[in-house]
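Quick notes on the structure that follows.
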Amino acid sequence: MSESASRATATRPLQVPDPTIPQDGSFLAGMKNAALNDPAPANWDPHFRDVIDAVILVGDQMSGPRTRALAAVHQLIQAAHGVQILGEEKGHGLHNKNGDGIEHFGYVDGASQPLFLTEEINDERLTANGTSNWDPAFGLNRVIIPDTSAPDPTRHFGSYFVFRKLEQNVKLFKKQEKALAKRLHLRGDDAERAGAMLVGRFEDGTPLTTQFTDGNHHPVPNDFNYDSDPDGAKCPFFGHIRKVNPRGSGGFEPVEGERLHIMARCGQTYGVRTDQPNDGRIDNKPSKDVGLLFMAFNANIAQQFEFAQGTWANNPGFPRVPAGAGSPGLDLVIGQSPNPRPDIHCPAQWGGSTMTTTTAPPQAVTMKGGEYFFMPSLAFFRSLP
Ligand code: HEM
């Protein structure tokens, strides 16, 4: 499978008439101008520093078709005049022993997604997780918009595509998990809870708000919310998944408003590991050159991706917490701030009322570059001169 997406600047060589260019403000401004506390573009990987007009995604589970598709793309680009490849990123999928896809810190990823297709929604409702506590069904208007550059925008749709290369310092993260467990005096199996507090799920995907230990991974649960956890006594407020999808517990807007910020994610890990990600050792873990190629499809970048990163993950004042509970803190996986990270408040026991205040682990994810693109409809490509 291969797909391509074009950024605002690419619309000129493609002779897209100005009035039909997709008008999302963040797309037009570009990621380099986004207010997300990202590192300065001068510190991004070199191929992200230039103006990037387009990205081509090539993927297949089988290596043969993937290699052939990649070769065909290279051939087309070589034959085209004035097109230059700035850089290439290679994804390498990772799986745990249950066969679930994981990210480099060792946690199941991609478990919670907005679902758009009736069969997927029915499957989730009837045969997988259930949908009594969290409704995974979202309208198509949360992922596609009329493609104004296509011949008939009432019938042809496109999507804004967010691409970010996020390097993961696995050694630092694993050290911090251990140090946090020590500071909180979590012993034996309970030590796993330290990492689960940072992510909001145990490594196998068990949501921390639903039980105090791992083991609930068949299928990886997604039918939960934070109603029984208003004080962050099970899953702390800074846990990544609680920050980026508060499931009605954010306290600033009703759940219908919060749901407008949810986006379809399709991250792909990159970098080759020579160790086993979940082997419990720290000394052999990589500190660079591995991470996540974060990708997401949005109908509105400011309302979805930028809101989740900027207004939720980077904001030490989100969610609204009970009086006297202190700062909820940054998202401890992806939060970025020029200010020191506020101390965090962690339940000494799962669901208990005693909170321990301790220093927040440092940032172990570094943004290395990225851009906003628009993925047009096939009708748009067919209409090109
Ligand atoms: C290296 C960076 C990242 C890592 C290691 C990471 C890791 C994870 C993990 C382990 C999960 C739990 C699995 C799941 O629920 O699907 C998750 C969920 C999620 N992540 Fe990330 N993530 C990263 C970057 C991001 C970014 C940049 C965003 C958006 C700003 C984001 C948004 C989400 C969302 C919306 C969920 C689902 C939450 C839910 O519905 O409960 N993640 N992530």
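Below, all heavy atoms of this structure are taken into account, side chains as well, without hydrogens, waters or symmetry copies.
Here the OG1 atom belonging to Thr206 is positioned 8.5 Å from the CZ atom belonging to Arg201, to the nearest 0.5 angstrom. Interatomic distance, NE2 of His240 versus CD1 of Ile334, reported as 5.0 Å (0.5 Å rounding). Asp109 contributes atom CG, which lies 9.5 Å from atom CZ of Phe294 (distance to the nearest 0.5 angstrom).
Taking the six-membered ring for Trp and thresholds of 30 and 60 degrees, Phe173 and Tyr107 have ring planes more than 60 degrees apart, a perpendicular arrangement. Between Phe224 and Tyr226, the angle of the ring planes goes over 60°, which puts this pair in the perpendicular group of the 30/60° scheme. The aromatic rings of Phe307 and Trp312 sit perpendicular to each other, their planes meeting at more than 60°, with 30° as the lower class boundary.
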Run the side-chain donor-acceptor check on residues 342-351: report pairs under 3.5 Å with partners two or more places apart or on a different chain.
unit_1, atom_1, unit_2, atom_2, d
His345, ND1, Thr357, OG1, 2.9
Trp350, NE1, Leu208, O, 2.8

Compile the donor-acceptor pairs under 3.5 Å between side chains in residues 65-76 and protein atoms, sequence neighbours left out, one pair per line.
unit_1, atom_1, unit_2, atom_2, d
Arg66, NH1, Asp60, O, 2.8
Thr67, OG1, Ser63, O, 2.7
His74, NE2, Glu88, OE2, 3.0

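A salt bridge links Lys174 and Glu177; the closest N-O separation between the charged side-chain nitrogens and carboxylate oxygens is under 4.0 Å. Residues Asp45 and Lys165 are paired through a salt bridge, judged by an N-O separation under 4.0 Å between the basic side chain and the carboxylate.
Checked by atom type, the side-chain pair Asp229/Thr209 shows a donor-acceptor distance below 3.5 Å. With hydrogens and angles left out, the side-chain atoms of Glu306 and Ser26 include a donor and acceptor closer than 3.5 Å.
A donor-acceptor distance shorter than 3.5 angstrom exists from the side chain of Asp223 to the backbone of Ser132, with no hydrogens or angles considered. In this structure, Arg125 contributes its side chain and Gly130 its backbone to no donor-acceptor pair below 3.5 Å. Judged by distance alone, with hydrogens and angles left aside, the side-chain atoms of Thr269 form a donor-acceptor pair with the main-chain N or O of His92 at under 3.5 Å. For Asn225 (side chain) and Arg247 (main-chain N/O), no donor-acceptor pair under 3.5 Å exists by modelled atom type.
The side-chain heavy atoms of Arg242 and Phe237, taken from C-beta on, include a pair separated by under 4.5 Å. Ile241 has its side chain out of reach of Ser112: every pair of non-hydrogen atoms, C-beta onward, lies at least 4.5 Å apart. Using a 4.5 Å heavy-atom threshold, the side chains of His156 and Pro151 count as touching. Residues Phe373 and Glu371 are in side-chain contact: their nearest non-hydrogen atoms beyond the backbone lie under 4.5 Å apart. For the pair Gln309/Arg164, a side-chain contact is recorded, criterion being any heavy-atom separation below 4.5 Å from C-beta on. Looking only at side-chain heavy atoms (C-beta outward), Leu94 and His104 come within less than 4.5 Å of each other.
Legend: residues meeting side chain to side chain donor-acceptor pair (under 3.5 Å) with Gln304, ordered by chain and number and at least two apart, are absent. Under the side chain to side chain donor-acceptor pair (under 3.5 Å) criterion, Lys368 pairs with no residue, sequence neighbours left out. For Asp152, the side chain to side chain donor-acceptor pair (under 3.5 Å) partners are Thr154, not counting sequence neighbours.
Sequence neighbours left out, not one pair with a member in residues 36-57 passes ring-ring contact (aromatic ring centres under 6.0 Å, His included).
With ring centers used as reference points, Phe161 lies under 6.0 Å from Phe297.
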